[in-house]
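Structure first, commentary second.
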Amino acid sequence: METVQPVSNSIQFIGCNDRRLERFENLFPLPNGMSYNSFFIDDTKTAILDTVDSSVTLQYLENVKYVLKGRDLDYLIINHMEPDHCANIVELAKLYPNMKVVGNATTFEFFEHFYPNFDLKPNYYLVKNKDELSLGQHTLQFVFAPMVHWPEVMFTYEQSEKILFSADAFGTFGAMNGNLFTDEMDYGEYYGDACRRYYANIVGKYGKQTTRAMKQVAKLDVAMIAPLHGPIWRSNLTYILDRYQKWASYTPEKPGVVIPYGSAYGNTASAVDYLAAELSKRGVEDIRIYDVAKTHPSYIIADIFKYSHVVFASITYNSAIFPAMQSFLDEMAQLMIKNRQYALIGNGSWSPMSSKLMGEFMANQSGWTNLADTITLRTTMAEDQKVTLNALADTIAQSIKAETVTN
Ligand SMILES: Cc1cc2nc3c(=O)[nH]c(=O)nc-3n(C[C@H](O)[C@H](O)[C@H](O)COP(=O)(O)O)c2cc1C
């Protein structure tokens, strides 16, 4: 059965959901599935914006045939040439051999890498930044947004209805639940964290490029934002635009302390719990403690995008940083998060190395400020180390107070 919903009188949502997939990009847990959005514009000329993942092809083709009602497809616009959106280009080209495929030079370069045995060249409709394409009543304008989140990405702005088709920007993890628009649900409650986790982990590295794209968007009169994942924005656009402004500039949303730790036998965990309790006694709110060997890094990274301070605590493991912590630090560093304050706690029973190694690692991260001398535990927290941990709690609490006053 078709799963098509009206976005407006002449635009239909023809996207599909996958609630079985365990991990997006084979990395990120999807507790509530994923949506792959695609849109159909019914005009003198017919157009589809982006296709969907191969896991939902059958449903998708049913939706496409339903909305076209036997008409030919004139244009397929490719805003993003990543497999979760481009997997059905060839399927559509086989069904609608006359369709023009709209993309930029990089889009077509990627297409030829992905599908070397399918000649789509006769169908290419090459566009440049700001080019326009009239469908009749509707006019599409292509706004290039390179590296949000791949090089070929473009947004498509539909001028008559003022809809920004925003590719991966402003999207979220999580399948759709029938309601198409963010104002038909408690978005913050259901998608708020998932949307941050999506941005931080998928687009997070490309803050500069996202800021540049947002400047382009600011010049447009946008009434609706239709991303490629998750619900559509037609009201309270400032909610998502403000969040993107913060995330793209690596500005913490609020003061708070994230404490990722790596511990084999619980002594480091216990020291971290002690520190967190001391922080709380000093009035610090929003403390988040995570075991890096247990919690998926994407959740911790999302919280580091949200909060201002981080304490990394790790045991030494075979003369190195605990592997789960090393892996976490590597993943975090790839995203080039900045403007955070941090402190370190190491541990080692006979030849502690993690303090030194984490110190070297963090010194190489630009935009991170070290708040205090690194504390080194020797297996368990000694009674006299209470003083040191209390002093660290003082330093962090003072820094947070200063930040709260500045904000
Ligand atoms: C497999 C393994 C390897 C370790 N390697 C080292 C090491 O190379 N140097 C060291 O000083 N401590 C080493 N330790 C001790 C830990 O760094 C840590 O002090 C100990 O596990 C207690 O902390 P925890 O209860 O938080 O795990 C190792 C521990 C384990 C389990």
Side-chain angles (χ1 to χ4, degrees), residues 27 29 256-282 284-335 337 340-365 368-397 399-400:
L27 266 183
V257 188
V258 187
I259 313 182
Y261 73 87
S263 172
Y265 292 111
N267 294 285
T268 312
S270 165
V272 153
D273 277 325
Y274 176 87
L275 173 68
E278 289 302 316
L279 286 168
S280 185
K281 281 185 205 163
R282 287 157 178 76
V284 174
E285 295 179 0
D286 287 308
I287 307 164
R288 302 277 182 99
I289 305 176
Y290 292 108
D291 183 334
V292 290
K294 174 77 191 294
T295 303
H296 191 273
S298 62
Y299 292 93
I300 311 173
I301 284 167
D303 263 0
I304 294 178
F305 264 78
K306 182 173 183 182
Y307 294 115
S308 55
H309 289 66
V310 189
V311 179
F312 302 94
S314 175
I315 61 167
T316 306
Y317 194 90
N318 295 337
S319 304
I321 298 171
F322 187 55
M325 177 59 85
Q326 183 65 65
S327 160
F328 173 74
L329 289 172
D330 289 340
E331 195 159 335
M332 186 194 79
Q334 268 193 23
L335 299 171
I337 308 168
R340 297 296 184 276
Q341 321 230 31
Y342 75 96
L344 300 172
I345 300 174
N347 193 355
S349 294
W350 59 92
S351 170
M353 291 294 291
S354 57
S355 297
K356 177 176 169 285
L357 294 171
M358 284 196 296
E360 287 167 3
F361 188 95
M362 289 310 298
N364 281 328
Q365 308 308 312
W368 285 76
T369 308
N370 189 6
L371 268 182
D373 289 342
T374 299
I375 297 172
T376 301
L377 312 173
R378 298 303 300 262
T379 304
T380 196
M381 190 181 142
E383 190 61 29
D384 62 4
Q385 284 185 306
K386 276 187 180 173
V387 180
T388 329
L389 277 137
N390 290 350
L392 177 60
D394 285 338
T395 306
I396 295 173
S399 166
I400 284 194

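In each ligand, atom 1 is the first atom listed, and ligand 1 is the first ligand listed. These numbers come from the heavy atoms of this one structure, side chains and all, not from hydrogens, waters or symmetry mates.
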**Asked** Nearest 0.5 Å, what's the CG-CD distance between D273 and E278?
**Response** 12.0 Å
**Request:** Could you tell me how the ring of F312 sits relative to the ring of W368: parallel (under 30°), tilted (30 to 60°) or perpendicular (over 60°)?
**Result:** tilted
**Prompt:** Rounded to the nearest 0.5 Å, what separation is found between the NZ atom of K356 and the CZ atom of F361?
**Reply:** 14.5 Å
**Item:** Identified side-chain contact (heavy atoms from CB on, under 4.5 Å) partner of Y307 from the options V310, I304, D303
**Value:** D303
**Prompt:** With distance as the sole criterion, is a donor-acceptor pair present between the side chains of S355 and T374 under 3.5 Å?
**Reply:** no
**Item:** Amino acids contacting ligand 1, non-hydrogen cut-off under 4.0 Å
**Value:** S263, A264, Y265, G266, N267, T268, I315, T316, Y317, N318, S319, N347, G348, S349, W350, S351, P352, T379
**Prompt:** Should the heavy atoms of other residues, nucleotides or ligands under 6.0 Å from CG of D373 be counted, would the total exceed 12?
**Reply:** no
